[in-house]
Amino acid sequence: MKKLRLDPLSLAGLACLLLLVLLALGSLVDAAGDPDAIVGPRLRPPGPGWWLGTDNLGRSVLPRVMEGVGTTLLLSSAAVLVTAALSAGFGVLAGYRGGYLNELIMRVVEVLYSFPAIVLAVLVAAVAGPGQLAALASIVLVTIPLMTRLVRAAAVAVAGRDYVTAAVISGARLPRVLGRHVLPNVAGTIAVQGTYALSVGISVEGGLSFLGFGVQPPQASLGVLIRQGGTYMMAAPWLIIGPGAVLVLAILSINVFGDGLRDRFEPRETRSLV
Amino acid sequence: MRNRLACGVAAVLTATVTSACGGGTAAAPGTPGGADATGPPGYLALADGKLPAGGALTFAVHIDSGAATGLDPQLADVATSWQLMSLVYETLVTVGPDFAPKPALAESWETPDPKTYVFHLRKGVAFSNGREMTADDVVGSLKRLLAAKSVWRGQLGPVEKVAKVDAGTVKVTLARPYTPFLAALANVPAAVLPMKEIAAGSLDPAKEMLGTGPFKVQDHRQDVSWSFVRNEHYWDKGKPAADSLSVTIAPEEAARVAAVQNGSAALASLGNVDSAAMLAGAADVKVATQATTDFYYLMLNSRNPKFADPRVRQAVNMALDRKQIAEVALGGQGRPTGVTPAGLPGACDPAALPSATGGGAAKAKELLAQAGAAGLSFTLTIYATEPAPAVAQVIQQNLQQAGVTVRIEQMDEASWAGKVYGKAPAPFDSALSWFAGYADPGMVTTWWNPDVAGFNQGFMRADKDLNALIARAGETPAGPERDKALAEVCAKVDTDSQMVPLVTRPATIAYRADAVSPSLYATEGYGNLLRLVADARVKRG
Amino acid sequence: MNELLEVDGLVVDYGRARALDGADLRVAAGRTVGVVGESGSGKSTLGAAIGRLLPRQARVEAGEVRVGGERMLDLRPAELRRLRRGRLGFVFQDPIASLDPTMRVGRQLRLVLGRRGDVAAHLARVGLDAARVASAYPHQLSGGMAQRVAIALAMAASPELLVADEPTASLDAQVREKVLDVVFALAAEAGTSIVWLSHDLPAVARRCDRVAVMYGGRVVESGPAAAVLGAPAHPYTAALAGSAPAAAAPGVRLRPVPGRPPVLTGPSPGCAFEPRCPFAEERCAVERPAPVRVGEQDALCHRAADLVGELEVVA
Amino acid sequence: MILELDDVTVSFTTGPPLRRRRLDAVRGVSLAVAEGETLGVVGESGSGKTTTSRVALGLRRPTSGTVLFDGRPFPRRRRDLAGRIQAVLQHPHWSLNPRMRVGQSVAEPLAVLGRPAGSLVAEALEQVGLGAGFAERYPHELSGGQRQRVSIARALITRPSFVVLDEAVSALDVSVQAQILNLLKDLQAEFRFSALFISHDLGAVRYVADRIAVMRDGEIVETAAAAAFHTAPEHPYSRQLLESL
Amino acid sequence: MRLLLWWAGRALSSAVTLLGISVLIFAALRLMPGGFAETILGPFATPEQKAELAARYGLDQSVLAQYGHWLAAVGTGDFGTSMISRQPVAAELAARLPVTARLTLLAVAAAVLAGVPLGVVTAVRARPGGGGGAGRLLSGLGVSVPEFALGSLVVFVVSRYGLQTTGYLLPAAVLSIFAISATARTTRDAVLGVLVEQHITAAVARGETPWFIVRHHILRNAAGPVLTLTATITAYLLGGALIVEYLFNLPGVGSYVVQAVGRRDYAVVQAGVLLAAAVFIVMNVLVDLLVGLVDPRLGRRA
């Protein structure tokens, strides 16, 4: 296996992401206190006892932001795992087998693709009832078309490679060919697209919660917090600055990391026109 | 009536107002300085009658009237609908700032006995198409309302007969005395409709509005905007003060705040209890918090095994800290209430209720242990519109003190309504909503009788004693005896704890003092922020 | 300065990999030179370096390239373009890919020739049916036809030097010869020098005046074609000529070069061929060979002088 | 005969619906490979070599004509032939799964058959001139020639009776090509498998094959003993190929 | 003839896709918890009222029958009646479409006018190893700030200073940030892909100027992915427009449809989603056609 060597910017992205994960893990043990507890007066600026201020119910913002990061990251990554698993399955099958199966899968993908993401998400949320499950399902449905397409394209390329043909000639059956040869070799595509899907997921979760269809308070997610903070922007800007910054940071670092990952898996030359 | 969550909530937010100093009985003319967040007694603000009439008013509210019943006022059950319709339609009587009945289309009335009301119609009242209003319109409208499948029909009381005495007089006979009758008559569903046009089929009241009110509709785009222009045939000469009124529908709070700040709306209804603080720095913007008789209540589903034992419900009730709910969730702008809405004359004292004097969280724990429900945990189902989630979260914190775990389940209004009202027995543990409190302390108690209310049969068991108490309070004439009867209702409701009244719900209004001089009641009973809009003066230049 | 092209001690790295490890090449005006090497020998890098066409990842660590006396590596962009336009021509391996796929052939020629150029004549010159080809898109052409178009484009300005990087490697044998006929005929007509990069030693020897053999990023032997092919001065040249199956007589077992081509990550400490060389001595591993004149050839081999005569047997 | 192709035609359809054109990739091809024999097929790109190879491997069914392997038609299930036919294919870069260690790749045909690999992998690697130590390496650590050696080890580990070598040395450097060609000759001498050696390089084909078939435009224009291709093949096209060497 | 067949094929497959979408929406809407009756009539409604409402809108029939009727009606251009406004859905949508269209088109225009040049410039200047950290960070930031966050911020800042939020400039700007960044990234990738093609090297070797090469050889070649993205972005923007419409209170299709979801106003949601999907599909067909025109290699595919 080649060593995964990344450029400094991507490493910074990764570090940033790890920091956020650490923050999220902290919320599991209530490192900064119970996110739901009313600890002080309402709408206080940052100060001792509430390092990021208090919200409109007198709760400390810091543990809420931590919980929010946790919820959002957990939801998005769980969704991306589901997307990755489904895309891998469908994409590989469609790409390797082709034919009617390919047609069917790709048509379903096209149908999903034709929905504007947030409209799709709202519909899902309305059906599943707002909440984490809806947010998760929405992220999956929103991210699955692109990933399936790309996995399929990668699988088509892999299917034509000699080691696959050699395995078929050796008498290997479909599960073995797909599992040992095709899947591991589209894993790079899945990893790269997975990071992008993660950032899309975070964004979708935010948008959905923003519209009130996603994670429901009192549980905090970045979208929920930004939604709440948004209304208090004038009187209590600290309510939105924390979650807003974290959201942008999360998406940015994931994208930057994804770019680095892609440069790694699909290195490309650059040429001068001079 | 109003509790319709989704829309209801909205309803509250609407707003505006005005009163001119004119209206006969209304306030003293010429409060200097015009609109101000502190008006004369009973008023938050009073329009400056010295300002010239004319001009265009622009308001922003958060939700449109929108119902399957369309624009028919008799079927309207949402405050948002009421306030828009009140611009076009008028009732025989209306309410003053002190909740006393005030003449409107009826110039005066007599009550020869507690079961008989004789109304003397105002002369020179015409519909906006120019046709004069007749006693037949009044009689026809009331009969139509009584025959309609309207919610308001129940609030109107035991009306036995409506008859035209002569061209200017209408008599209503009740089967039993019913104290809230005039208050019920003062709301939009009891409006006088142009019955001649309706009978002739030239008007479908579900699709078009044609009334005697200060404005008529020029244009309506569902969920986008309304535009009204003055009704040239309006009986109260000099009103409305403004030539036109356009109402923009802006569901997003930030959009309404922005509209007031940049002046694209002269007045907006706000949902956030902290609006005043947030708009503090904005020049020329005033924020007024209007008290209402509406109140939040907690439904404890007694058809759910968790809450079948009254002791469990009482314990929950006892553990609630209404003061904290009012302080924290409502920014100190609501107040604790019993089932008779705090703020209405004759309402009971919430501090005297058993739950308030019972011993708080410690006693609640004890009670739960007795009931074998120690470590109770249940789900509280709410809808997303603020500040309901805030109220729910304070409840959660309150109950934690009593060792009760509350899981908050928040959903969009449609799903919430489906879960709470869609099935009997209802599939929820507990839920949060609010009722409009109306203008008489006895009216809203009606909903504690599931046989009358209907909508709560899925989660509330009827209590014969309570029903009798409610009926008695309805029949007893206003006075100390009725207050006592109402206090008994309060206590019984509190002990029963199936639908637990919590705190009243404030309404927040922001307006540009440099663009409009509005009139606003200090307390509103029907969630109608547009009630005094005909008085509002436009400031120009 | 009768040399048109001078490459001196050119060192080029791609990241940590070394592609050229001090390559020298000289081409006189009007001459045809075949540069032969296996993949990884650095011949394509050398070809690109001549036009300063290296990808951005490539770094020139040392050395110099002069075309007509002008130092390519120091030229400013505008001068570089002027020089490329006036004096250099390039033909690449994949003929279809070297034409703009979104543009009809005629228009591509028109862009290069300018408004007054005669598109039909230039197409006819490379043996194409101008009327048909001009209105075709590249993907509608066969490889041979596309390569003729590419040649027409490269030769449009009658350059002084044409660099052809495996121009026929992707073509079928019959087409190959005809395309080469066109290239060499046009070059002869215009007095253009040719640097032909190829892996096929016999083919190059048949057409070129001189041959340069590359190994491990250096030109290990250069000289007149007949001499290099007939009497190699470097053991690698001999091995290369001898290992081609085509050269094998019936029933005779091939004598492969043992080992594998080098992968350099820095300057080679000695002779890059040393690990595979049957004649290697101790110093070959540690001492970089300097050019030696053997007969008509220049060779980079410590033992070139000793081996005169011995290598011919192999070929 | 281990493999017999009799009057085999393979057609493709291309183009948009309703305007499909039929294209014969190979037309009326007949050839046979005897036990222990190596048949060389030479031809340029587009001559139908690759299609012929796919037909011979049973990866593609002919549009018409018959194919017999070991005297019988190809079984419906590919597994029934597992281990009896193997192939070494063209691209050294893609011949090995980059995610598998060399040892796993070599052992795979055995794994498919459910046979234990035991010491066979190490032996196979030794046979192709790589040490047993190569089993632990990944393909990217290998040169092109080493990868083709691994491919050969993988192909021979089940002791197949028939091996298709499709452009097996074409992508290799000239100085390495000869190593592989010699290895193939040695292994064939040792294991007596039949082979179909397909290449565009007449030199390589002539070196390893016993008989040579020349393909052009989907047809076989000449089949003759390899020796004939050192001197004077019959068909003018064959002669042209010879001249361009 | 070939083109005609191509169109016929595309039309057919688009119809199949739309049909699939309609089935999906229909099923989704009927699976939603919370009925239209509770929502529209409120909790005080009697069973008779609910039944009457259901009958009026045909909601008492089986879902299959409802679907059949709806499909037949849609075939004649009748998208049903909104239960809330009682207006024909087609008219309501038509009234709101211009708002969303204007927003989306402005953003798409910004994406093309700003994103494409940005992408080209950054690609042409790219250095090995990802190159242009600042540019990468900037474009990364552009696609990282969700509309709802950026929009909230803009509304806040603008209202704080009493600026006008009416008009389309600001909302379109909020919407454009993502579109521009995404277009720039895609363009950059596409151009980088073209830059390493041999014909570009050939053009450089002929001594053409960078501008000449960009103009004549790169733009057309890179157009494929960029055009395809434009279709995708348009669909994305329709979604993004929804949030922007909310924030800036613009009466567009997006906020309308989301409100309708909340109220279970089935006909509106069905028509709205179908419209969005149709726009997306039409965009895709147009893009395919355009790509075929710009790049003859791709136009040939069967």
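Throughout, a chain's letter reflects where its sequence line sits, starting with A, and its residues are numbered from 1.
With chain A as the partner, the residue from E:L153, E:N284, E:V204 showing the most heavy-atom pairs under 4.5 Å is E:V204. Residue with the most contacts toward chain A among E:V261, E:V257, E:V214, E:L18: E:V261 (heavy-atom pairs, distance under 4.5 Å). Of the residues considered (E:A28, E:G207, E:A231, E:G20), E:A28 shows the highest number of contacts with chain A, using heavy-atom pairs under 4.5 Å. The greatest number of non-hydrogen atom pairs below 4.5 Å with chain E, out of A:V200, A:N255, A:V127, A:V256, is found for A:V127. When each of A:V124, A:V248, A:D259 is scored by its heavy-atom pairs under 4.5 Å with chain E, the top score falls to A:D259. The residue among A:S10, A:G258, A:G244 with the most heavy atom pairs within less than 4.5 Å of chain E is A:S10. Chain A forms more heavy-atom pairs under 4.5 Å with one residue of E:R30, E:M283, E:R185, E:E208 than with any other, namely E:R185.
No side-chain heavy atom of A:E110 sits under 4.5 Å from any side-chain heavy atom of E:V16. At a threshold of 4.5 Å between non-hydrogen side-chain atoms, the residues E:P146 and A:I202 do not count as touching.
No more than 12 heavy atoms of other residues, nucleotides or ligands shown are found within 6.0 angstrom of CZ on A:F90.
Interface remark: E:I218 contributes side-chain atoms only to the contact with chain A (heavy atom separation under 4.5 Å). Looking at A:I226, only its side chain comes within 4.5 Å of chain E, counting heavy atoms on both sides. Both the backbone and the side chain of A:S203 come within contact range of chain E, judged by heavy atoms closer than 4.5 Å. For chain A, no part of E:L275 is nearby; none of its heavy atoms comes within less than 4.5 Å. Heavy atoms closer than 4.5 Å to chain A are found nowhere in E:T209, neither backbone nor side chain. For a residue to count as touching a neighbouring chain, one of its non-hydrogen atoms must lie under 4.5 Å from one of that chain's; by this rule E:V279 does not touch chain A. Proximity to chain A (any heavy atom under 4.5 Å) is shown, for E:L195, by both the backbone and the side chain. Looking at E:I243, the atoms closer than 4.5 Å to chain A (heavy atoms on both sides) all sit in the side chain, from C-beta outward. Neither the backbone nor the side chain of A:S253 comes within less than 4.5 Å of any heavy atom of chain E. At a 4.5 Å heavy-atom cutoff, the contact between E:T232 and chain A is made by side-chain atoms alone. Proximity to chain A (any heavy atom under 4.5 Å) is restricted, for E:L242, to the side chain, taken from C-beta onward.
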Between A:L247 and E:V145, does a side chain to side chain contact (heavy atoms under 4.5 Å, CB included) hold up when you go through it step by step? CA-CA 8 Å; A:L247 179 89; E:V145 186; over 6 Å; no
Report the C-alpha separation of E:H217 and A:L273 in whole Å, then their side-chain angles, then the decisive distance to 0.1 Å, and conclude whether the side chain to side chain contact (heavy atoms under 4.5 Å, CB included) test is met. CA-CA 11 Å; E:H217 298 301; A:L273 286 184; over 6 Å; no
